[in-house]
Amino acid sequence: MSNAQWHPTNYRTHTLGQIQSEGSDLIGQEVTIAGFLHASRGKGAICFADLRDGTGMTQIFAKSDSLGEEKLSLLQSLNRESTIQATGTVAEKRPPKVKEGETPPPPAYEVLVSDLHVIASAEAPLPLGVTDTVSVGLDTRLDNRFLDLRRAHVNAMFRLRGKVLQYGREHLINEGFVETHTPKIVATATEGGTDLFPMQYFDTPAYLNQSPQLFKQLCMSGGLERVFEVGPAFRAEKHDTYRHLNEFISFDIECSWADDNDVMGVLERMIHHIWKSIAHDDECKSHINTINDYRATQDEEPIEVIVPELPFPRVEYDDAIRIIKEKGGKIEWGDDIDAENSDLLAEDLPQFYFLPRWPMDLKPFYIHQVEGETGSTGRQLSRGFDLNFGRDELTSGGQREHRIDILCENLKDMGLDPEEFEFYVAGFRHGVPPHAGWGLGVERILMKLTGASNVRETVLFPRDRKRVCP
RNA sequence: GCCCGUUUGGUGUAGAGGUUAUCAUGCAGGAUUGUCAUUCCUGCGACCCGGGUUCAAUUCCCGGAAUGGGCGCCA
């Protein structure tokens with residue numbers, strides 16, 4: 001299952017995955033394994049128990065003559081999900097009976113146990129069943145997330161999340177980006193567009209940062225050339241939807257000597273790399289299969305990793321408005337494109353698509369504008385863009401305003417005081433490269449990859465309007 | 001913030017103004033079994049809170065709380 005190198009630990013000589021993958025070489029050998037008691041069968045003179053760890057499953061087989069009466073009945077009386085350590089010899093499992101015409105499964109291996117220790121017994125009943133066929137409400141699941149995570153398809157989701165981040169990082173590093181971290185505790189108020197969580201920083205009022213935006217830009221002024229950051233962003237919006245969280249992880253980049261088109265290129269190449277790598281990674285394929293096995297029990301269509309073609313379609317704002325109007329959507333030039341109108345737009349766009357050249361009025365003060373670039377109504381366009389998938393916005397980005405006089409004007413136009421942003425504005429006073437960047441919602445891209453219909457599925461311990469615990 | 005829905009064993013559900021409150025899963029006990037999320041038998045366990053209408057409310061009405069969905073805003 002995993003390409004990782006598993007060294008023996010104090011509690012086990014082999015992982016359960018190793019018992020299966022290296023089983024033919026281990027036959028007759030004594031091993032010590034450990035795991036969760038997934039299921040057990042047999043209350044008589046013998047007992048079969050399935051053990052599960054982070055690498056796979058293995059059956060242990062216990063008989064009174066090899067394990068002893070006392071430990072056999074201990075195993076038989078143990079509640080499922082208890083953790084145990086077992087020692088015994090590896091053997092090939094007897095193949096299961098198969099119906100005529102069916103192909104027998106590949107050989108599997110089991111451990112004939114000679115010794116057993118209960119590490120931590122599980123209380124019954126479980127707040128939610130790890131192997132139960134009954135479905136469980138999201139709230140119950142999140143209240144008992146540690147147990148929910150033991151379910152195979154939920155576990156697979158978070159292993160895929162790690163892979164998305166890994167391949168994303170890998171790509172950006174290959175394009176010369178340096179991983180950075182910017183502060184999450186900030187003194188200035190909002191850069192616009194959202195409410196912030198206030199907090200007390202010793203004697204000074206402060207906030208949790210809504211994005212690394214302003215600091216990424218200072219890195220450009222600092223000559224770091226190309227930076228990326230994977231970190232939390234906090235928004236105090238009281239939204240309650242399938243796609244919003246009050247704490248989410250943003251995959252952010254900022255790139256010097258580049259415009260909006262240049263960083264759209266970085267973004268589509270990175271997403272292409274992530275999708276392609278996942279489609280070719282055996283571990284990822286197995287996670288996708290696990291998710292699809294679960295989806296089948298819920299009568300949901302299987303998910304498929306379709307590597308998107310490069311370049312992604314680009315639909316400029318001006319054209320988007322025209323297309324939406326042609327399709328009968330209610331919208332005027334200058335309006336934001338809401339979810340319903342995005343549905344109309346996405347009818348002819350199966351996967352990712354860029355929406356470049358938004359009206360300057362709809363974009364934050366730090367977005368660049370090129371004089372003379374106006375839309376069909378004659379109003380000023382910006383070098384800001386979105387990346388959508390279907391109705392959902394995954395990324396917001398653009399070329400940044402590096403001209404200090406225009407930057408200060410933009411601040412004033414949006415009702416902000418340049419003096420409050422002095423720490424930021426100062427970065428433009430002593431030479432600065434033209435630069436561009438974007439922020440990608442990790443949870444949202446994971447939703448697209450895994451078919452999750454709620455963003456909370458993609459976060460271990462989601463923070464939403466009603467939940468700060470666990 | 002606005003609109004709509006839901007709330008029944010540990011979990012997920014069915015249902016009705018008067019029922020022994022359904023089913024599955026789980027749990028307990030027993031039988032069986034080189035099993036394959038074992039099979040079979042027996043048992044255990046529930047109507048969100050407050051007020052109102054009624055002879056009678058878990059069921060109808062009002063309020064609250066919790067929860068699900070849609071919208072706005074955003075990533």
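Hydrogens, waters and symmetry mates play no part in the numbers below; they use all other heavy atoms, side chains included. Chain identifiers are assigned alphabetically (A, B, ...) following the order of the sequence lines, protein sequences preceding nucleic acid strands; residue numbering begins at 1 within each chain.
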Legend entry - Closest non-hydrogen atom pair between A:A62 and A:L67, with its separation: CB-CD2, 3.8 Å
Inset, instruction - Could you tell me which non-hydrogen atom of A:D386 sits nearest to which non-hydrogen atom of A:S396, and how far apart they are? - result: OD1-OG, 3.4 Å
Inset, instruction - Would you kindly say whether A:Q20 and A:T58 are connected by a side-chain donor-acceptor distance under 3.5 Å? - result: yes
Inset, instruction - Could you tell me whether the side chains of A:T87 and A:S114 share a donor-acceptor contact shorter than 3.5 Å? - result: no
Which whole-number value in Å describes the distance from [X] [atom1] to [N] [atom2]?
{"X": "A:K330", "N": "B:G72", "atom1": "NZ", "atom2": "C1'", "result": "14 Å"}
{"X": "A:D464", "N": "B:C73", "atom1": "CG", "atom2": "C1'", "result": "16 Å"}
{"X": "A:D50", "N": "B:C36", "atom1": "CG", "atom2": "P", "result": "11 Å"}
{"X": "A:L37", "N": "B:G26", "atom1": "CG", "atom2": "P", "result": "14 Å"}
{"X": "A:D139", "N": "B:G10", "atom1": "CG", "atom2": "C1'", "result": "15 Å"}
{"X": "A:H244", "N": "B:C71", "atom1": "NE2", "atom2": "C1'", "result": "11 Å"}
{"X": "A:Q298", "N": "B:U13", "atom1": "CD", "atom2": "P", "result": "11 Å"}

Legend entry - Closest-nucleotide 5' rank along RNA chain B - winner of A:L138 and A:E340: A:L138
Legend entry - Contact nearer the 5' end of RNA chain B, comparing A:R465 with A:Y242: A:R465
Where the side chain of [X] is concerned, which of [options] is the nearest nucleotide?
{"X": "A:A339", "options": "B:G72, B:G10, B:G34", "answer": "B:G72"}
{"X": "A:D132", "options": "B:U35, B:G26, B:C73", "answer": "B:G26"}
{"X": "A:N454", "options": "B:G69, B:A75, B:G12", "answer": "B:G69"}
{"X": "A:R243", "options": "B:G72, B:C27, B:U35", "answer": "B:G72"}

Inset, instruction - Report which part of the nucleic acid A:S250 touches: base, sugar-phosphate, or nothing (heavy-atom distance under 4.0 Å, all strands). - result: nothing
Inset, instruction - Pick base, sugar-phosphate or nothing for A:D386, based on heavy-atom distances below 4.0 Å to the nucleic acid. - result: nothing
Inset, instruction - Could you let me know what B:G1 is paired to, Watson-Crick or G-U wobble, both distances under 3.5 Å, or none if it's on its own? - result: B:C71
Inset, instruction - Could you check which nucleotide pairs with B:A24 in any of the strands shown, counting Watson-Crick or G-U wobble with both distances under 3.5 Å? - result: B:U11
Inset, instruction - Between B:A46 and B:U11, how far apart are the P atoms? Round to whole Å, please. - result: 12 Å
Legend entry - B:C27 to B:C74 separation - P atoms, rounded to the nearest Å: 49 Å
Inset, instruction - Would you tell me if any nitrogen or oxygen in the side chain of A:T395 comes within less than 4.0 Å of OP1 or OP2 on B:A75? - result: no
Legend entry - Phosphate OP1/OP2 of B:G12 contacted by A:T140 side-chain N/O (<4.0 Å): yes
Inset, instruction - Verify the ring-centre separation between A:F389 and A:F352: is it less than 6.0 angstrom? - result: yes
Legend entry - Centroid distance under 5.5 Å and plane angle under 30°, A:F48 vs B:G34: no
Legend entry - Check: B:G34 base within 3.5 Å donor-acceptor of A:E110 side chain: yes
Inset, instruction - Indicate, yes or no, whether a donor-acceptor pair under 3.5 Å links the base of B:C27 to the side chain of A:R80. - result: no
Legend entry - Note: A:D318-A:R379 ion pair, threshold 4.0 Å (strictly below): no
